[in-house]
Amino acid sequence: MSTPRCRFAPSPTGYLHVGSAQSALFNWLFARGSGGEFVLRIEDTDAERNRPELTDNILDMLRWLGIDWDGEIVHQSDRLDRHLAAVEKLEAAGAVYWCDCTRDEIDARNKARKDGRTGYDRHCRDRGLEKAPGSALRFRVPDGKTSWPDKVRGEVTFENINVDDFVVSRSTGAPLFVLANTVDDAETGINHVIRGEDHVNNTAKYLLLWQALGFGEVPTFAHLPLLVNEQRKKLSKRRDPVSVADFKAEGYLPEAMRNYLALLGWGPKDDIEIRPIEEIVAMFRIEDVSSSPAFFDVKKLLHINGEYIRALTREDFIARASEFVPDTPEAKALLEDLAPLVQERIKRLDEVDSYLSFLWVDVPELDEAAWTKAIKDERAHKVLDHVQTLLADADWTPEGVEAAVRGAGEAAGFINPEGQVQLSKAQAPVRIAVTGQRIGLPLWEGITALGRERTLARLAAARERASA
RNA sequence: GCCCCCAUGGUGUAGCGGUUAGCACGCGAGCCUUUCACGCUUGUAGCACGGGUUCGAUUCCCGUUGGGGGUACCA
């Protein structure tokens with residue numbers, strides 16, 4: 001058999017979303033794992049809906065995910081002459097006929113028949129119409145049935161009587177999706193069509209067209225399961241947060257996203273889910289892909305992302321995280337200084353800011369509820385008093401800060417029955433006073449990084465607020 | 001309505017006639033601990049239902065139910 005050759009054929013009518021990304025990924029995995037080729041074709045024949053900048057987005061996101069393609073990108077609009085030639089060929093062969101029915105007329109006839117059928121009723125099939133303004137060209141679906149051995153769904157069969165005489169070319173002369181899609185695949189040597197389940201119906205038409213155009217050996221098909229939302233509906237750009245660019249902006253790592261996407265509808269036999277893409281390429285088999293829809297679970301994506309973040313080298317983490325902190329020397333320096341402490345805590349790069357921002361803003365955002373709760377205890381006031389004194393001339397190191405907080409806690413009476421300082425309780429008011437938050441980085445390191453002057457100022461301000 | 005497809009815990013999957021039905025996320029408990037997170041231990045929960053086939057069905061077949069996709073002179 002010839003070299004496997006598959007393609008990802010997005011239409012630039014929206015930003016790349018995770019469903020398309022998965023489709024691209026599975027094509028890519030298949031190609032890379034089989035020594036085949038993976039090509040890109042931009043299906044931009046719908047001039048009214050296409051926006052060039054969306055093509056850029058699609059390409060950018062594929063690159064971001066590490067999905068590379070072979071050869072030149074095909075723009076479907078450049079191939080109009082080929083599509084037109086195919087249409088002529090169909091006409092010459094008598095495989096198509098002119099139809100001047102309007103949608104309203106078709107609907108009216110269907111409704112009048114009362115048999116529940118809604119497709120095209122073949123009204124013009126034998127009228128022998130000539131080309132005329134307003135007429136479209138329909139494919140004359142032959143008798144019989146059309147079937148193919150789908151790599152993921154097994155044998156799929158359509159009785160041709162259930163396949164509408166679909167429009168091949170609009171009244172404007174512009175060819176339609178199935179025609180362009182089929183012709184392009186045939187003429188660019190695509191022999192593996194791996195696409196979403198939403199295309200199974202098109203495949204019957206594709207095959208009929210392929211045959212009518214005499215393209216020879218048909219491609220192998222694999223229809224991937226759709227990605228669905230919690231309502232079990234196909235992911236929609238309109239109602240679901242699915243833009244790959246958005247995930248990137250939220251600080252998801254491309255490796256994590258791509259690993260997670262590979263796990264939807266497919267799973268490694270050895271139960272090891274998080275692994276290098278090279279291993280996934282080696283293990284992936286298109287026939288192992290599940291045929292039932294998969295829920296896109298952000299919670300699991302988040303977990304995987306956290307794993308990938310923690311696995312980053314310190315340098316790599318700093319490099320990636322720096323895009324999520326203010327572009328100032330101070331912020332960059334602080335990130336570099338505290339990177340390991342942040343890295344083990346976050347699951348998305350954009351969380352970096354919430355851990356470090358108290359270090360570079362003048363007044364950190366205050367968690368009112370946590371504050372109120374913390375200062376309910378009289379001893380908290382004392383801690384704030386003592387810690388200021390102790391911190392004033394403490395060693396400005398994490399150890400020195402810890403000693404100060406410990407001492408303040410002891411002096412304030414945060415002592416357990418065994419006589420031990422209750423550090424957990426003693427640090428709470430200090431943490432909120434300094435960072436504004438109940439949770440965050442290890443305090444000693446955080447305070448050390450903040451500096452003595454600012455720490456004392458915040459402590460004093462908090463003490464004042466506590467008495468007010 | 002019609003056509004096509006799907007069905008293992010809440011979620012994603014492993015299983016491909018005989019298993020204590022595995023793993024992961026989530027959720028619960030505990031440990032660790034200066035908060036949080038990580039990590040570790042542990043608990044929770046599943047083969048949709050009904051018929052067959054078979055010595056034996058989660059696994060094969062049929063039906064039911066449930067779910068999804070398609071049904072454009074969009075792609």
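Every chain is numbered from 1 and lettered A, B, ... according to where its sequence line falls, protein lines coming before strand lines.
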List the residues meeting side-chain contact (heavy atoms from CB on, under 4.5 Å) with [X], not counting sequence neighbours, and say none if there are none.
X: A/L84; value: A/L80, A/P175
X: A/S424; value: none
X: A/P142; value: A/F139, A/N160, A/L208

Below 3.5 Å between N/O atoms, which protein atoms pair up with nucleotides 39-49 of chain B? Just atom names and distances, please.
unit_1 : atom_1 : unit_2 : atom_2 : d
B/G39  : OP1    : A/R310 : NH1    : 3.4

Review point. Taking only residues two or more places apart in sequence, or in another chain, which ones meet A/D385 in a side-chain hydrogen bond (donor to acceptor under 3.5 Å, both in side chains)?
Key: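 Once residues adjacent in sequence are excluded, the partners of A/D385 under the side-chain hydrogen bond (donor to acceptor under 3.5 Å, both in side chains) criterion are A/R463.
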
Whole-Å distance separating the [atom1] atom of [X] from the [atom2] atom of [N]:
X: A/K347; N: B/A24; atom1: NZ; atom2: P; answer: 15 Å
X: A/I304; N: B/U11; atom1: CD1; atom2: C1'; answer: 12 Å
X: A/K299; N: B/C25; atom1: NZ; atom2: C1'; answer: 9 Å
X: A/N229; N: B/G67; atom1: CG; atom2: P; answer: 15 Å

**Study point:** Close side-chain approach of A/R452 and A/I447, heavy atoms under 4.5 Å
**Key:** no

Does [X] have any ring-ring contact (aromatic ring centres under 6.0 Å, His included) partners at least two apart in sequence or in another chain, and if so, which?
X: A/F284; result: A/F26, A/W266
X: A/H223; result: A/W148
X: A/H199; result: A/F177

Check your understanding: Would you find more than 12 non-hydrogen atoms of other residues, nucleotides or ligands less than 6.0 Å from A/K373 atom NZ?
Key -> no

Indicate every side-chain donor-acceptor pair of residues 409-418 of chain A with a distance under 3.5 Å to a residue at least two apart or in another chain.
unit_1 : atom_1 : unit_2 : atom_2 : d
A/N416 : OD1    : A/E418 : N      : 2.9
A/N416 : OD1    : A/G419 : N      : 2.9
A/N416 : OD1    : A/Q420 : N      : 2.7

**Study point:** Nearest to side-chain heavy atoms of A/R117, which nucleotide of B/A14, B/G12, B/C2
**Key:**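 Nearest to the side-chain atoms of A/R117, counting from C-beta on, is B/C2.
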
Exercise for review: Using a cut-off of strictly less than 4.0 Å between a heavy atom of the residue and any atom of RNA chain B, enumerate the qualifying residues of residues 142-149 of chain A by number.
Suggested key: none

Check your understanding: Does a nitrogen or oxygen in the side chain of A/K269 sit under 4.0 Å from OP1 or OP2 of B/C16?
Key -> no

Review point. Between the main-chain N or O of A/T397 and the side-chain N or O of A/D395, is there a donor-acceptor pair closer than 3.5 Å?
Key: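 No; zero donor-acceptor contacts below 3.5 Å.
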
Exercise for review: Take atom P in B/C4 and the same atom in B/G18, then report the distance between them in whole Å.
Suggested key: 33 Å

**Study point:** Spacing of the P atoms in B/G68 and B/C60 (rounded, Å)
**Key:**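 Those two atoms are separated by 24 Å.
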
Study note, to complete from the structure: Contact string for nucleotides 69-75 of chain B, one letter per nucleotide 5' to 3', B = base within protein heavy-atom range under 4.0 Å, S = sugar-phosphate only, - = neither, reads BS-SBBB

Review point. What is the per-nucleotide protein-contact pattern of nucleotides 30-36 of chain B, from the 5' end, where B denotes a base atom under 4.0 Å from a protein heavy atom, S denotes such proximity for sugar-phosphate atoms only, and - denotes neither?
Key: ----BBB

Exercise for review: May I ask you to decide whether A/D270 forms a salt bridge with A/R275, counting only side-chain N to carboxylate O separations under 4.0 Å?
Suggested key: yes

